[in-house]
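Working notes, beginning with the structure itself.
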Amino acid sequence: MNVDTISDFLAEQRDQAPEELQPLVLEFETLWERKLWHQLTNLLLEFFNHPGSAPQRLQFYKVFILKFADKINQLKLVDLALKAATQCRDNQERLSFLEAVVKKVDHEDSQDAYVFATIAVARVKLDLSDLDGARKDLDTAERILDNFDSVESVVHAAFYDTNAKYFQAKSDWGSYYKNALLYLACIDVKSLSLEEQRQRAYNLAIAALVSSSIYNFGELLLHPILDALTIDDRHKWLHQLLFAFNRGDLAAYDLLASHISSDPLLAQHTRQLREKIYLAALTEAVFRRPPHDRAMSFSTIANETKVHPDEIEHLIMKALSLDLLRGTIDQVDEVAHINWVQPKVLDMQQIKNMRQRLQEWDSSVDKLGNWIEGVGQDVWA
């Protein structure tokens, strides 16, 4: 395409652009003629980021940007391509478009851009329900990412977000939970809309509850994304339910249990949730006790966890196998000797209980010191 054709194209696009974007389009030709590729790229990104540019992005990419694509930052080229791809008619057209982008940037010195584009292809394959194809692309991206010393956070964010979406489609809730949190660690949560924050918080909370591998929600409970569940009354119960699990609060769980049926996934895991809250109640009962008083009879555990006495041994063995507790079981005397409990995030009540235990320990040390001083007066003299 010659200069006159480019000029004609830009003039046509300028006339079609919203009034506030026309000065940008006018500037494109000047920068292109002067071969100021960096400035042109940044101006194009500004143009593409404006909602009013949506109908023109695909044409701009195909007719204008591809003419100097090899001269600009390849990661930014992929960014422009992804924004243009939103205007494809359907996912099949979007897949073909993005696969061409992958080939375009597949060079030794632009592997970060190649990974970014490959992840985008995987995401479209997920939308097309091609889970195997998406997994293959994500594995390719991960192998390359593992060899990078550093890479733009936008690439890691795209990988973790798409990986989370894959595991969500596979109902692998533990892996979804891990990758969704890693995605949030790569971005500024405030950059998400309130609705997207709420949806992500909701999905994370549900995944934490139904996962068969997650029994400690500390990382989520400390994350600001969780505050999105308190924005309206519809989802406050889920926020409260997570904290009830964290402190092993059976009474609070029973009060909130009526909401469980409102979510199909939680409703499918009712039995598992009940077992989880019993385990949480057990670990909390152990945690409340001072380290020297953690030999607990089965009857004591039954009273504190509300579990049927016949199921106590199974509950303790489950907690030991999950590494929530460490210790031994005396089956003859029906006593559990616990010497370690998994650390957890504490709420204010749990912090108060710990403060009380520290005060009791301080008092015991004082008494021991006074006793030693009293019985050892001759020695001190």
Side-chain angles (χ1 to χ4, degrees), residues 171-178 181 204-222 226 237-261 263 265-291 293-331 334-347 349-351 353-354:
S171 298
D172 183 345
W173 303 113
S175 297
Y176 164 79
Y177 178 85
K178 173 187 173 183
L181 281 175
L204 272 166
I206 297 297
L209 290 168
V210 303
S211 169
S212 59
S213 61
I214 300 171
Y215 290 85
N216 189 333
F217 310 147
E219 202 171 353
L220 177 57
L221 298 179
L222 290 173
L226 203 60
W237 66 270
L238 187 55
H239 185 274
Q240 294 165 358
L241 186 62
L242 282 174
F243 279 91
F245 268 88
N246 186 61
R247 62 179 182 271
D249 191 335
L250 288 161
Y253 175 83
D254 289 336
L255 286 173
L256 295 165
S258 59
H259 292 282
I260 289 174
S261 59
D263 183 274
L265 193 56
L266 287 182
Q268 291 173 25
H269 292 80
T270 304
R271 184 174 179 180
Q272 181 183 322
L273 290 173
R274 177 62 67 173
E275 184 180 74
K276 265 194 175 184
I277 193 66
Y278 285 152
L279 285 166
L282 171 60
T283 57
E284 179 64 18
V286 174
F287 181 78
R288 284 198 303 263
R289 290 171 172 266
D293 186 25
R294 286 181 174 171
M296 301 174 67
S297 67
F298 285 12
S299 59
T300 299
I301 294 172
N303 288 334
E304 298 205 25
T305 62
K306 313 303 180 191
V307 175
H308 193 277
D310 293 343
E311 299 175 357
I312 292 300
E313 186 175 348
H314 173 76
L315 180 70
I316 300 168
M317 289 176 66
K318 179 79 172 178
L320 292 172
S321 69
L322 292 168
D323 205 29
L324 302 177
L325 302 174
R326 292 176 192 164
T328 57
I329 301 175
D330 185 333
Q331 293 174 310
E334 296 190 334
V335 175
H337 300 274
I338 309 300
N339 53 45
W340 180 88
V341 58
Q342 186 184 72
K344 62 169 70 178
V345 172
L346 306 182
D347 61 21
Q349 185 56 49
Q350 290 169 311
I351 290 173
N353 292 339
M354 178 173 278

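The shown structure was predicted, so the numbers you read here are calculated from the model rather than taken from an experiment. In this chain, residues are counted from 1 in sequence order.
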Query raised in the report: Does Ala208 offer a backbone N or O that forms a donor-acceptor pair with the side chain of Ser211 under 3.5 Å?
Result: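 No, the answer is negative, given that no donor and acceptor are paired below the 3.5 Å cut-off.
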Query raised in the report: Do any N or O atoms from the side chain of Arg247 and from the backbone of Phe243 form a donor-acceptor pair under 3.5 angstrom?
Result: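 Answer holds: yes.
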Is [Y] close to [X] at the side-chain level, that is, under 4.5 Å between some pair of heavy atoms?
X	Y	value
Trp173	Leu265	yes
Tyr176	Ile206	no
Ile316	Ile312	yes
His259	Leu241	no
Asn339	His337	no
Leu238	Leu209	yes

Query raised in the report: When you look at Arg289 and Thr300, which way does the side-chain contact (heavy atoms from CB on, under 4.5 Å) test go after all the steps?
Result: CA-CA 12 Å; Arg289 290 171 172 266; Thr300 299; 3.2 Å; yes
Rounded to the nearest 0.5 Å, what separation is found between the [atom1] atom of [X] and the [atom2] atom of [Y]?
X	Y	atom1	atom2	answer
Arg271	His269	CZ	NE2	12.5 Å
Phe298	Asp310	CZ	CG	11.0 Å
Tyr278	Lys306	OH	NZ	10.0 Å
Leu220	Leu204	CG	CG	5.5 Å
Gln272	Ser212	CD	OG	6.0 Å
Leu315	Leu325	CG	CG	8.5 Å

For [X] and [Y], which heavy atoms make the closest approach, and how far apart are they?
X	Y	result
Glu304	Leu250	O-CD1, 3.9 Å
Trp340	Leu324	CZ3-O, 4.0 Å
Asn216	Pro343	ND2-O, 2.8 Å
Leu266	Leu273	O-CD1, 3.8 Å
Ala319	Leu282	CB-CD2, 3.9 Å
Ala205	Leu242	CB-CD1, 3.6 Å

Query - Within residues 313-323 or reaching into it, pairs that qualify as side chain to side chain donor-acceptor pair (under 3.5 Å) - sequence neighbours excluded - result: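 Qualifying pairs: Glu313-Gln331, Asp323-Arg326.
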Query raised in the report: Within a radius of less than 6.0 Å around NZ of Lys178, do more than 12 heavy atoms belonging to other residues, nucleotides or ligands occur?
Result: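 Not more than 12 within 6.0 Å, no.
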Requested in this report: May I have the step-by-step check of side-chain contact (heavy atoms from CB on, under 4.5 Å) for Gln342 and Thr283, ending in yes or no?
Outcome: CA-CA 8 Å; Gln342 186 184 72; Thr283 57; over 6 Å; no
